[in-house]
Structures are given as structure tokens and as C-alpha cells.
Amino acid sequence: MSATIEIRGLVKHFGPIKAVDGLTFDVSEGEVLGFLGPNGAGKSTTMKMATGFLTPTAGTVRVAGHDVGEDPVAAKSVLGYLPEGAPAYPDMTPLGFLRFIGEIRGLVGGALEQRIAEVVRRVHLEGIMRQPIETLSKGYKRRVGLAQALLHDPKVLIMDEPTDGLDPNQKHEVRSLIHEMGRSKAIVLSTHILEEVEAVCTRAIIITKGRIVFDGKPEELESQAPPSVTKNRLDWVFRKLTGGEKHPEPQLSAVGGRL
Amino acid sequence: MRKVFTILKRELAGYFATPVAYVFIVIFLLLSGFFTFQLGDFYNDGNGQATLSGFFNWHPWLYLFLIPALSMRLWAEERKQGTIELLMTLPITLPQAVLGKFLAAWLFAGVALALTFPMWITVNYLGDPDNGTIAAGFLGSLLMSGGFLAIGSCVSALTKNQVIAFVLSVSICLVFLMTGFTPVIGIFSGWLPAAVIEAIASFSFLTHFDGLAKGLIEARDLVFFASLIGLALYANTLLLELKKAD
């Protein structure tokens, strides 16, 4: 079976800055890919190109067989996307917002209401559906964004920091949701939280300065740390790969790595 | 088309979810009343006729400030809120999004214009006006508001700052008014050939609106506003395509 997301030689330049410098990878159904990297490594830029928001300088993205550059509407209709910061129209209510997204995605009448009820149940939006989005807490806003991305039950799900701003309980719920959905979808999520990769991802890609420096299973990532490192082994590997520190001191990273 | 309608519906609901709609309509009605009755000499137009020309003559100047206030948010707000990323990753095309937003704003301006109907009733109560002329005036006014809106929408796509969008739109619309404003034409008539002046004036809203306000529905005026709206919205689409992200 061919991969659900195929990224080939993806390059993005912003003026003289090479934000993404030749990425090539596939994501198949059943995979949950954790996309890691320091701030400014090109994670969001890659996701924006994969979802058709940004036009790549070079390279192609295919989503479920549709070329994002050539047939954007077809690619976008099989794709669910949670952009960074989960933007939503502040003066709308979650109900109005989800109805709008659903109608744009071709859902109508009973099918639309049924899908809304389903995602509301899954991300726990009960009770706030008629409150303007601008009055909601950060955690609820994030979940409204998730609901929007899941509404049409997409085959491909791309999420830019899906658990950012959630409290530990909500993080746990969203992670179990992702884990559960991962069996039948191709999922890409970016995160700063290394434990999240261990918890939900079947595969991790680390990029730095727009290039892939690691692509493999989360366990393989951890095994790259020498046995002398006993605490925060993932942090150690992450910093080694992304050049954060030449000789990272595991003892010192205990605080920073948890963020 | 269904997607255009969905965008239109959301936009229109957005106007009424905030005080924007009410403030705009009330100010528009108050100002158009004030200009017509106080400055337009509605009761004493010099030849004792019942007309709405004193009402329509103010519309270009009223629109100059009110329409950019309506159009400034169209795209600038999407950029500011980051919702442009959401909108542009939904399965719609750019022209559908541009058209949906524009039509919502135009429909809204049309509602504000339609709410001036007591003016029509008043003039019919007071005298015996030419209602065909008045209908042409309303049509002209609606078309002109579409022209202002299309320019405003295009400018709004350039920036995430609504104040910049407003000031730029007013300035550009002012140019489109001034090129047909008699005192301005007078300045140039001394040293530019008549053909050049006529060509410049033919790009003015005033030139094309005047005919309609007088009751003359001419193809060239309709074509002017239609092609202006078409061109501005096309430019709007191109601008968004070129700089979606920042």
C-alpha cells in the first residue's frame, strides 16, 4: 500500500533564510508521527506546506494520492488540520463554528449534526457549545480546534502542537484520543514535549535547521543515549542531535526538559 | 456556489454578532438624513421639484468613509486572528472565499441602503417625483458601494492592520472620486488636453454615478462598475495567493 502522506524534496526559503531544506518522508495509515525540533527548525513551515497554506519553494506533497499543489481542494478535503495556536473565529460559538466548518466540508443536515455530536463527545465540549469562542479558556479553544480538525473524520490528520495549553488531565485525554485514532489514520503532530512522543507516537522525526537528523521509533531514539545518562535520556539525545549543547549535562537538564 | 454561500452566511452572521452592523446602519442612516435635509437643501432645491438628487449626491462622500470602515476587516482581521490559515486549508478555492466575503459585505451595504426607503416615501408624500429616476439612483448607489467595497477588500488583503487598511482604502477611493470632481478637473483643464482629462474623468466613480443618479441607466456606467468590481476582486485573489502567510 502506498503511503498516505508523501513528502518529496520539500524546500522553503523566506528570503535568504532556508526554513525547510529538502525534507523527504512518508507517513502511512496507522502511523502516528511525532515531529520534533527546536523552535525555528521548520516544523510549522513544513506542516503549513503539507496542508497547502504555504507554497513550497521546491518539492511536492501528496495527501492520499492528491498533489497539494496541483489539486489543493481534493487534498484539503481528506485532511484535518489543527494550525498552531488553534485559530477560530472569536465571535462565533463552538456550535456555529463547527456547523460552518462542516458545511464547507460538505456535511449537511442530520449527518452534520451527528458528526458534531460525535466530536463534541470525543473532545469534551459539552456545556460550552453556545458560548462565544473568545470567552473560552485556552484549553477549550484548543479543543474546539481539535473538534474542527476531526469533524469530517479525515484519513490524514496534521496537528501543530495539539496539547499546548492543556492541563495534565486534558493532555492525557487528547493523547489517548490520538493513540486511538492512530490505528485508522495517518497522523502527524508536532510537539516540544519529548514524553509525548514516547506516549503516543509510533515514529519520531527530529529536524533541525530544516533538515532531518533522526527518523525512527521513539525507542531507538532513547537508545542513542549512552548508559551513563540515567535521567532524561530523550532530552539528552534531542540536544545532542539538534546541537543544543555539545556535551549536555544530564543533571542540569532535569528542570528544563520537563517544559 | 454552495461554498460561496456558506462563507457569505458566516460573514453576514459575523456582522450581526458584534455591534458593527448596528453602528454602521445607524450612522449611515443618520448621516444620509443629515446631509440630505441640512446640507442638500431637500426642501428647497431651487426649482420646486420633488427629487432625491440631494440625497444621492452625498452618497459618494458618505461611502468614502463608511465603506472602507466596513471593508477594512474583511481580510486584515483574518490575518490578525490567524484564521486565514484555517480558511485557506479548508477545501475551498481562493475565488470562492474572496467572493463569499465580498458578497456578504455588499449585501450588508445593500441592506443599509434599503433602509433609507423612508426617504423615497417622504418624497412621494411631498410631491410627484420620477420614481424611475429614483430607482436608477438606488441602483447606481448600490453599484458604487460595490466598487468601493471591492477596492477596500483588495486593500484589506495587504495587511493585518485594520487601521492601515482603512486609511489606504479611503485614499484610493478618494482618488477615484477626485478624478471626476469638477473643482479638481478645473485645475487640470488649463494645461492638459481635453481628451486626457476626459480619459482621467472616465475612471471616476462620480462620472459614472452622476448619470445613474439622474436616472440615465447607460451600459458604459454599468460596465464600468462591474469591471471595476471584477478587477479589484481578481487583484484581491492574486494578492492573497502571493502572500497568504504574513
Side-chain angles (χ1 to χ4, degrees), chain A residues 12 14-15 19 44-45 47-55 63 66 68 71-93 95-108 112 132-134 141 144-145 148-149 151-152 154 156 158 160, chain B residues 1-24 70 73-101 103-104 108 157 160 162 237-246:
Chain A
K12 181 70 186 177
F14 293 112
S44 290
T45 307
M47 292 185 149
K48 283 175 180 161
M49 287 192 281
T51 53
F53 181 56
L54 282 181
T55 312
V63 176
H66 307 288
V68 174
D71 195 356
V73 172
K76 287 168 186 175
S77 47
V78 294
L79 207 143
Y81 177 41
L82 173 68
E84 195 177 5
Y89 295 102
D91 48 3
M92 295 182 101
T93 63
L95 184 62
F97 181 62
L98 292 177
R99 280 196 180 134
F100 165 68
I101 300 285
E103 280 175 35
I104 287 278
R105 291 197 174 278
L107 294 164
V108 281
L112 173 61
I133 292 173
E134 62 192 342
K141 279 183 192 163
V144 169
Q148 164 277 123
L151 190 59
H152 55 302
V156 179
I158 297 181
D160 205 344
Chain B
M1 209 53 214
R2 194 182 46 77
K3 287 176 180 173
V4 174
F5 179 71
T6 304
I7 304 258
L8 185 156
K9 212 169 59 172
R10 197 209 72 77
E11 281 291 312
L12 210 55
Y15 288 120
F16 290 96
T18 59
V20 171
Y22 307 102
V23 169
F24 182 88
L70 196 60
R73 49 171 291 282
L74 282 175
W75 290 100
E77 198 178 43
E78 296 270 355
R79 285 194 194 283
K80 189 90 184 171
Q81 289 168 184
T83 41
I84 190 165
E85 186 168 355
L86 185 79
L87 190 63
M88 299 286 106
T89 50
L90 289 173
I92 51 167
T93 63
L94 264 177
Q96 284 171 336
V98 168
L99 200 61
K101 277 174 164 280
L103 288 178
F108 179 73
K160 65 167 106 175
Q162 297 196 31
T237 311
L238 285 185
L239 281 173
L240 285 171
E241 184 66 57
L242 283 175
K243 44 176 288 179
K244 272 188 242 171
D246 44 23

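Just so it is clear: chains get the letters A, B, ... in the order the sequence lines come, proteins before strands, and each one is counted from 1.
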- [ ] Sort out for me which residue in B:Lys9, B:Arg2, B:Lys3 forms a salt bridge (Lys or Arg N to Asp or Glu O under 4.0 Å) with A:Glu103.
- [x] B:Lys9

Task: Reported CG-to-CD distance for the pair A:Leu82 and B:Glu85, which is rounded to 0.5 angstrom - done: 9.5 Å

Task: Euclidean distance, A:Glu134 CD relative to B:Gln81 CD, rounded to 0.5 Å - done: 9.0 Å

TODO: Indicate the atoms forming the closest heavy-atom contact of B:Ala17 with A:Asp91, along with that distance.
DONE: CB-O, 4.2 Å

TODO: Against chain A, work out which of B:Gln96, B:Glu241, B:Glu77, B:Glu78 has the most heavy-atom pairs shorter than 4.5 Å and name it.
DONE: B:Glu78

TODO: Heavy atoms only, distances under 4.5 angstrom: which of B:Gly14, B:Pro91, B:Gly82 has the most pairs with chain A? Name it, please.
DONE: B:Pro91

Open item on the list: Need one label for A:Ile101: side chain, backbone, both or neither, based on atoms under 4.5 Å from any heavy atom in chain B.
Closed with: side chain

- [ ] Sort B:Thr93 into side chain, backbone, both or neither according to what part of it lies under 4.5 angstrom from a heavy atom of chain A.
- [x] both

Open item on the list: Any non-hydrogen side-chain atom of B:Ile92 less than 4.5 Å from a side-chain atom of A:Ile104?
Closed with: yes

TODO: Kindly write out the residues that satisfy salt bridge (charged side-chain N to carboxylate O under 4.0 Å, His left out) with B:Glu11, not counting sequence neighbours, or none if the list is empty.
DONE: B:Arg73, B:Lys101

TODO: Please report the closest heavy-atom contact between B:Thr89 and A:Phe53, naming both atoms and the distance.
DONE: CG2-CB, 3.7 Å

Open item on the list: Counting only non-hydrogen atoms closer than 4.5 Å, does A:Pro72 touch chain B with its backbone (N, CA, C, O), its side chain (CB onward), both, or neither?
Closed with: neither

Task: Distance-minimising heavy-atom pair for A:Phe100 and B:Leu90 - done: CE2-CD1, 4.4 Å

Open item on the list: So which residue, A:Met92, A:Glu84, A:Arg99, ends up with the most heavy-atom pairs under 4.5 Å with chain B?
Closed with: A:Met92

TODO: For B:Lys80, enumerate each residue passing the salt bridge (charged side-chain N to carboxylate O under 4.0 Å, His left out) test, keeping only those at least two apart in sequence or located in another chain.
DONE: none

